[in-house]
Amino acid sequence: MRSIKIKFAYRFLRSLNNLNRRRRITDGESITTRRRRYHMVKTAAYASMASAVGSKRAWSRALLSKIRNNRRNYKIRRESSSSSSSVVVKVKKPIIQNPSKAEELEKLVPGGETMDFCSLLDETAHYIKCLTSQVQIMRSIVQFYESSSSSNDQRY
Amino acid sequence: MSSRRSRSRHSGASRSISEDQINDLVSKLQQLLPEIRDSRRSDKVSAARVLQETCNYIRSLHREVDDLSERLSELLANSDTNQAALIRSLLTQ
């Protein structure tokens, strides 16, 4: 888990850096750009974790392909906002035990809808571990930014 | 102790999954949940409870990611940070 943590931190910081660089080009600070930045940070966090885990896990594969699809759909929507041909792929539900609770869980774990009950439990355990590390690292980055921005006056 | 019979009314499609395997996975999951990780007095937490707590916990983690992303996107807008120092501080944790 430690190596995944480091990989995540590295990837996430790199994408934050990229976001920051892109911000310089656009100068307006409307509410929509702020919303967009929030979404980009959030997506960067999930994508960094999924790619740190790699393709050996079903949830990370599902998450990465979902992010990729969203990105593509966003581009398509921007390029041709008139056409409304969105392809919705419905995945058939497998048989599971403990229906209601498992269905709730399926929706929370990326790719959960396509898993059988055993792999759902297994993937969930791994997903929780990764999410916890993700939150820890994000929290320390926030702390770092906050402490460094408050001590900027002394530094210069 | 008491080997409770599984509800065998379910369709036989999921026969290949053994009860033990599921119990094992559920208890692994339970170890990760702060709410019920240390339930000592009653060793047995029902699988349904574990699943419920799992959902709650994932939701709370998602909310926390939302919140932290919000704060990060604000901080990002107003600060230039020395990334080398940041990475150093993360690695020494």
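By convention in this document, chain letters (A, B, ...) are assigned in the order of the sequence lines, proteins followed by strands, and residues within each chain are numbered from 1.
- Asp66(B) touches chain A through backbone and side chain together, each having a heavy atom under 4.5 Å away.
- Note: Leu72(B) CG to Arg139(A) CZ = 12.5 Å, rounded to the nearest 0.5 Å.
- One distance of note links SG of Cys55(B) with NZ of Lys107(A); it measures 9.5 Å at 0.5 Å rounding.
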inquiry  = Between Thr124(A) and Leu25(B), is the side chain to side chain contact (heavy atoms under 4.5 Å, CB included) condition met? List the steps.
reply    = CA-CA 10 Å; Thr124(A) 303; Leu25(B) 287 166; over 6 Å; no
request  = List the steps and the verdict of side chain to side chain contact (heavy atoms under 4.5 Å, CB included) for Leu131(A) and His62(B).
outcome  = CA-CA 8 Å; Leu131(A) 260 185; His62(B) 283 165; 3.8 Å; yes
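- Rounding to the nearest 0.5 Å places CZ of Arg71(B) at 8.0 Å from CD of Gln143(A).
- No more than 12 heavy atoms of other residues, nucleotides or ligands lie within 6.0 Å of OH in Tyr10(A), so this atom counts as exposed by the packing criterion.
- Atoms CD and OG1, from Glu64(B) and Thr132(A) in turn, are 9.5 Å apart once rounded to the nearest 0.5 Å.
- Placement of Leu64(A) and Val109(A) in two distinct hydrophobic clusters is found when ILVMFWY residues are connected by side-chain heavy-atom separations under 4.5 Å, directly or transitively.
- Looking at Glu70(B) and Arg34(A), no side-chain N of the basic residue comes within less than 4.0 Å of a carboxylate O on the acidic one, giving no salt bridge.
- Ile22(B) and Cys118(A) make their closest contact through CG1-SG, 4.1 Å (heavy atoms, listed as atom of the first residue, atom of the second, distance).
- In this structure, chain B has a heavy atom under 4.5 Å from the side chain of Tyr46(A), while its backbone stays farther away.
- Cluster annotation: Tyr38(A) and Val142(A) are assigned to distinct hydrophobic clusters (Ile/Leu/Val/Met/Phe/Trp/Tyr, side-chain heavy-atom contacts under 4.5 Å, transitive).
- Heavy-atom pairs under 4.5 Å with chain B peak, among Asp122(A), Thr43(A), Leu121(A), at Leu121(A).
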ask   = For Thr54(B) and Leu108(A), what are the C-alpha separation, side-chain angles and deciding distance, and is it a side chain to side chain contact (heavy atoms under 4.5 Å, CB included)?
value = CA-CA 10 Å; Thr54(B) 304; Leu108(A) 290 168; over 6 Å; no
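- Heavy atoms of other residues, nucleotides or ligands lying less than 6.0 angstrom from CZ of Arg37(B) number more than 12.
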task = Report the C-alpha distance between Arg59(B) and Glu104(A) in whole Å, list the side-chain angles of each, state the deciding distance to 0.1 Å, and finish with yes or no for side chain to side chain contact (heavy atoms under 4.5 Å, CB included).
result = CA-CA 11 Å; Arg59(B) 262 190 225 104; Glu104(A) 206 181 331; 2.6 Å; yes
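- In this structure, CG in Leu68(B) is found 9.5 Å from CD1 in Ile141(A), a value given to the nearest 0.5 Å.
- Atom NZ of Lys42(A) sits about 11.0 Å away from atom OG of Ser73(B), to the nearest 0.5 Å.
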